[in-house]
Each structure stands twice: as C-alpha cells, then as structure tokens.
Amino acid sequence: MIDKTFRPKSTPLNPLEFSATVTNWQRQYGRNDLPWQINITPYRVLVSELMLQQTQVATVIPYFERWLQHFPTIEDLATASEDAVMAQWQGLGYYSRARNLHKAARYVVDEFAGQLPDNVDELREVPGVGPYTAGAISAFAFNKPAAIVDGNVKRLFSRYFGIEGEISSAKTNKTIWSLAEQYTPVTDSRRYAQALLDLGATVCTPRAPSCQECPLQESCNAYATDRVQILPTKKMKSKIPTRSGNFLLDLTSDGVVLVQRSADGIWPRLWCLPETDEPPKNATIHGKFKHVFSHYKLDATVFAQSIPNGATRVHLDEIESYGLPTPIRKYLNTLPT
DNA sequence: TAGTCGTGGCG
DNA sequence: TCGCCAAGACT
C-alpha cells in the first residue's frame with residue numbers, strides 16, 4: 001500500500017547548492033520584465049523599493065511609470081515641491097514613504113553628489129531605507145552581495161528550514177537574517193535576490209503554496225514534515241476597532257473647501273474635507289462612507305456645512321493636482337459636476 | 001516590543 | 001462580507 005502522506009527526509013542544501021538552485025529557477029520562471037528591472041539605475045531601484053514596501057507589484061507599476069515621467073532624475077525629485085511629490089503619490093498609501101523618498105533624494109544629492117552609495121551601511125542612513133531596502137538596493141542596483149529579508153524571505157526560510165518561532169518575534173527575525181546572510185552568494189547577487197522574492201511571491205505563497213512547482217521541494221523541511229500549512233506561525237490578532245469620523249462638505253459653483261491635514265496621524269499633509277470631532281448641530285447629512293485602514297475601520301459621515309471664510313476652495317476638475325486620500329477623492333468623484 | 005501608517009485584491 | 005496580506009520603516 002502506498003502511503004500518500006510520505007515525504008522524503010529533508011536536509012537543507014548547502015549555500016552554494018541553494019543559491020545555484022534558486023538562481024537557475026529564477027532564470028527560467030522568475031519575473032524579469034518588471035519596469036524597474038529594465039534600464040536599471042540606482043534611482044529607479046530606490047523609487048521602486050520605496051513604493052514596493054508593503055505594496056504589491058501590480059499596484060506599484062503604474063505609479064512607478066508616472067513617477068519617472070514627472071521626476072526623471074534624482075535631481076528632479078530633490079528640487080520638486082512637496083505638493084508635487086504628494087500629488088504623484090496620491091492613492092498609493094503609506095504617505096510617509098513619499099516624504100522619505102523626497103528626503104532621500106535631497107540627502108543623496110547633498111551628501112553623495114546624486115550618486116547612491118552601494119553598501120548597506122551607508123544606504124541605511126538614507127531616509128526611508130531600512131534593513132530590507134538597504135540590502136535590496138545593494139543587490140538590485142549594484143549587483144553586490146547583500147542579504148535581504150522581507151515577508152517573502154521570512155515565509156520561504158521559515159518553511160524551508162522548519163523554523164517554528166513566531167515570525168514577527170525579534171528572535172525569529174534574528175535567526176532568519178543570520179541564515180539569509182549565510183546563504184547569500186558572492187556572485188549573481190541581483191538574480192539571487194530576485195529569486196527569493198519571486199519564489200515567495202509566486203510559489204511559496206502564504207496560502208496554497210505550489211510545492212509541486214518548487215525547485216526546493218526535495219530539501220524543504222516544512223514539505224517533508226507536512227507543515228507547509230502551519231509555517232510560518234503567526235500571533236493571534238485582535239480584530240481592529242471601528243472609529244467614527246465627521247467631515248464637512250462646502251460645495252459651491254466655485255468648488256469645494258479643502259484643508260491640508262496635519263503632519264501627525266492618518267493622511268499626514270494630504271488635502272481633505274474638514275474633519276470635526278463632534279457632528280455639527282443643525283447640519284444635514286450629505287452622505288456616508290466607510291474605509292478600512294490597516295489598524296482601524298473608519299465610519300464616516302459627511303455633513304453639508306458652509307465654511308465661514310479664508311478657506312481654500314478647489315474646483316472639482318483641479319482636484320487631481322492635489323494630494324487627496326483615496327476615500328475622499330472617491331467621495332468627491334460621486335458629486336455631480 | 002508594539003503601535004502607527006493605506007490601499008487593493010483575493011478566497 | 002470579511003479577514004488576510006503585500007519587495008517595511010519609524011517611533
């Protein structure tokens with residue numbers, strides 16, 4: 001009788017075998033035509049990596065193309081206004097990344113004459129560049145050996161090496177970084193880094209991974225021990241709270257009143273309908289909308305309310321040149337022109 | 001260590 | 001409809 005649950009005993013490949021296996025796989029099955037993989041420059045890699053933080057490739061692509069049209073060089077970005085920068089980032093989310101990218105451009109122009117450094121230590125000093133992004137820029141922009149650990153690598157390594165520790169813990173993070181450094185090859189750095197990301201994104205996926213397509217199946221600990229569905233282990237998440245918000249709509253033939261939000265909190269420095277702590281009395285409800293953030297849900301009510309004076313009023317057809325949060329832009333788009 | 005910070009797609 | 005998750009950084 002055949003035991004369908006049989007798995008071969010697994011021993012991890014050594015670093016040389018591992019890197020050869022995944023780079024060969026990447027050459028044949030990986031992603032090699034993404035916009036930032038063509039005409040590679042350090043600036044294009046920097047832009048793509050900041051945009052790709054916690055954001056999927058398909059979402060980033062149109063933003064990346066538009067960004068390079070508006071800010072072709074790092075000098076163009078460094079000298080651009082914050083309003084112009086935020087207008088281009090509008091809708092992509094995590095807006096501190098846009099300000100960091102802007103700061104990064106100025107930093108590199110001021111400190112390095114516009115030339116990004118190629119080593120992790122100096123890259124870590126660039127605004128918005130953390131441990132992952134520093135390694136990614138070194139590998140992708142300069143083809144230099146550098147460990148990268150992102151969500152893909154954490155998932156891939158936790159399964160491949162059978163790491164049981166909670167994936168977001170400092171201890172597990174340290175373990176995986178150590179393995180990542182140990183397994184980083186001396187040559188073909190760019191393709192190796194891309195191989196890890198491609199494997200994680202297209203084969204070793206969070207759920208329903210395609211183990212039959214995986215070049216590492218034979219030596220994968222999680223596959224051998226039938227723990228692919230269990231690893232990586234995650235902490236229980238308490239469900240996110242719901243908050244209510246009150247927004248004011250003052251729309252005339254001259255446009256709608258917008259205010260620039262503070263640098264703190266959600267949607268920092270983006271242009272928005274005026275928000276109030278308490279619902280205005282004797283105001284009629286114009287409409288409602290809901291929005292989900294990563295850490296809370298917003299239940300919003302929009303009140304028709306005239307704003308006294310001195311406010312910025314923007315014509316509806318000029319709104320695209322302002323940086324607006326997505327749900328506000330969507331709400332305004334429903335208004336009759 | 002844990003919270004903050006967006007948005008869209010997917011099952 | 002809802003929870004999960006994505007090329008994380010910063011505080």
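All of these numbers come straight from a predicted model, not from anything done at the bench.
Comparing C/dC4 with B/dG3, their P atoms are spaced 15 Å from each other, to the whole Å. The same atom, P, is picked in C/dA7 and in B/dT4; the two are 24 Å apart, to the nearest Å. Straight-line distance between the P atoms of B/dG6 and C/dT11: roughly 14 Å, to the nearest whole Å.
Taking CG of A/L248 as the start and OG1 of A/T301 as the end, the distance is 11.0 Å to the nearest 0.5 Å. Taking CD1 of A/I230 as the start and OG1 of A/T225 as the end, the distance is 7.5 Å to the nearest 0.5 Å.
Following chains of ILVMFWY side-chain contacts shorter than 4.5 Å, one can reach A/V85 starting from A/L258, so the two form part of one hydrophobic cluster. Residue A/I307 is not grouped with residue A/L335 when hydrophobic side chains (ILVMFWY) are merged at heavy-atom distances under 4.5 angstrom, including chains of intermediate members.
Contacts of residues 156-177 of chain A with DNA chain C (heavy atom under 4.0 Å): none. Residues from residues 62-89 of chain A that place a heavy atom under 4.0 Å from any atom of DNA chain B: there are none. Within residues 261-270 of chain A, the residues approached by DNA chain B to less than 4.0 Å at the level of any non-hydrogen atom are A/G265, A/I266, A/W267, A/P268, in residue-number order. Taken residue by residue, residues 34-56 of chain A places heavy atoms nearer than 4.0 Å to DNA chain B at A/Q54, A/T55.
Remark on DNA chain C: of its neighbouring residues A/G128 and A/F140, the 5'-side contact belongs to A/F140, judged by nearest-heavy-atom nucleotide. Nearest-nucleotide positions on DNA chain C place A/R207 closer to the 5' end than the other of A/R207 and A/A201.
Chain A approaches DNA chain C within less than 4.0 angstrom (heavy atoms of the protein), and the contacting nucleotides run 5' to 3' from C/dG3 to C/dC10. Protein chain A contacts DNA chain B from B/dT1 to B/dG11, reading 5' to 3' and using non-hydrogen atoms of the protein with a distance under 4.0 Å.
Legend: ring pair (Phe, Tyr, Trp, His ring centres under 6.0 Å) pairs involving residues 181-216 of chain A, not counting sequence neighbours, sorted by first then second residue: A/F18-A/Y183, A/F161-A/Y183. Among residues at least two apart or in separate chains, side-chain hydrogen bond (donor to acceptor under 3.5 Å, both in side chains) pairs with a member in residues 246-259 of chain A are A/D250-A/R313, A/T252-A/R313.
Considering only heavy atoms from C-beta on, A/V109 stays 4.5 Å or farther from A/T79 through its side chain. When side chains are defined from C-beta on, A/I266 counts as touching A/Y296, because their heavy atoms get closer than 4.5 Å. Within the 4.5 Å cutoff, no side-chain heavy atoms of A/K297 are placed close to those of A/K290.
Here A/E75 pairs with nothing under the salt bridge (charged side-chain N to carboxylate O under 4.0 Å, His left out) rule; sequence neighbours left out. Annotation: salt bridge (charged side-chain N to carboxylate O under 4.0 Å, His left out) contacts of A/D76 (sequence neighbours excluded): none. Under the rule for a salt bridge (charged side-chain N to carboxylate O under 4.0 Å, His left out), A/R243 has no partner lying at least two apart in sequence or in another chain. Considering only residues two or more places apart in sequence or on other chains, A/F247 meets the ring-ring contact (aromatic ring centres under 6.0 Å, His included) condition with A/F289.
At a threshold of 4.0 angstrom between heavy atoms, the contacts of A/Q194 include nucleobase atoms, whether or not backbone atoms are also involved. As judged by a 4.0 angstrom heavy-atom cut-off over every strand, A/S294 is placed among the base-contacting residues.
Using cut-offs of 30° and 60° for the angle between ring planes, the A/F293 and A/H295 rings count as tilted.
Residue A/E82 qualifies as enclosed at atom CD: its count of foreign heavy atoms under 6.0 Å is above 12.
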